[in-house]
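First comes the structure, then the notes that go with it.
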Amino acid sequence: MEDTCYINSPLGVTKITGGSHGISSISVLNTPEIPSLNIPESLQDCVHQLEAYFQGERQEFNLKLHPKGTDFQQRVWALLQTIPYGKTLSYLELSKQLGDVKAIRAVANANGKNPLWIVIPCHRVIGSDGSLTGYAGGLHRKQWLLEHESPYHQERLF
């Protein structure tokens, strides 16, 4: 049995599930949900690390993870975790690192099925031309996350 909690984040209510085996999913919701009053012990470290990330006090996560996926998805997700904070990589570059440039669509598909929002930083993957392409949480959230991680902070003019 897995524990579940809901927390507020700057991008919406975040749902976290996991247990003694590790964190199995983190997702941002598009529907209203009341934040949890009591955070299960198995999820408390995850909640603290996410809060520190959103406050700009954490750039890396140190959590026991337990995402469910195929062997290929697991390979893609492991590679995503090597993309440094504040950096991006294209889907093509990711495919090359996996050893098969023809796997670009499979890589994009695995990226889209990432069950651990932010912690496995799929938001750091962009199009070869630098465009913000595809993001399960919505492109506005992807843009926010990339700006949050950017070493160059600029005020919005409009």
Identify the heavy atoms of [X] and [Y] that sit nearest to each other, and give their distance.
X	Y	result
V107	Y91	CG1-O, 4.3 Å
P67	I120	CG-CD1, 4.5 Å
L98	R75	O-NH2, 3.3 Å
L146	H123	CD2-O, 3.5 Å
S9	W117	OG-CH2, 4.0 Å
Q44	I39	NE2-O, 3.0 Å

Students often mix this up, so state it plainly: with edges at 30° and 60°, are the rings of [X] and [Y] parallel, tilted or perpendicular?
X	Y	answer
H66	H21	perpendicular
H148	Y85	perpendicular
F61	Y53	tilted

Between [atom1] of [X] and [atom2] of [Y], what distance do you get to the nearest 0.5 Å?
X	Y	atom1	atom2	answer
L79	E93	CG	CD	10.5 Å
T17	I23	OG1	CD1	7.5 Å
S27	L116	OG	CG	9.5 Å
I126	L89	CD1	CG	8.0 Å
R124	T82	CZ	OG1	10.0 Å

Is the [atom1] atom of [X] crowded by more than 12 outside heavy atoms at less than 6.0 Å?
X	atom1	result
D71	CG	no
E41	CD	no
K68	NZ	yes

State whether the side chain of K142 and the backbone N or O of V125 hold a donor-acceptor pair below 3.5 Å, judged by distance alone.
yes
Backbone N/O of R58 and side chain of Q49: donor-acceptor pair under 3.5 Å:
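No.
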Is there a side-chain contact between [X] and [Y], using heavy atoms and a 4.5 Å cut-off?
X	Y	answer
S25	K15	no
V28	V13	no
L63	V119	yes
I83	T88	no
L145	L11	yes
I16	I7	yes

Does the side chain of E51 come under 3.5 Å of the side chain of Q55 through a donor N or O and an acceptor N or O?
no
Would you please name every residue forming a side chain to side chain contact (heavy atoms under 4.5 Å, CB included) with [X], sequence neighbours left out?
X	answer
A78	none
N109	K113
S42	D3, P40

For residues L29 and L50: do they belong to one hydrophobic cluster (side chain heavy atoms under 4.5 Å, members Ile, Leu, Val, Met, Phe, Trp, Tyr)?
no
Are L92 and F72 in one and the same hydrophobic cluster, where Ile, Leu, Val, Met, Phe, Trp and Tyr link if side-chain heavy atoms are under 4.5 Å apart?
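Yes, one cluster joins them.
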Please assess I118 against I26 for the test side chain to side chain contact (heavy atoms under 4.5 Å, CB included), listing each intermediate value before the final yes or no.
CA-CA 8 Å; I118 297 176; I26 302 170; over 6 Å; no
With side chain to side chain contact (heavy atoms under 4.5 Å, CB included) as the test, would you mind laying out the steps for I34 and Y6 before giving the verdict?
CA-CA 7 Å; I34 297 171; Y6 300 89; over 6 Å; no
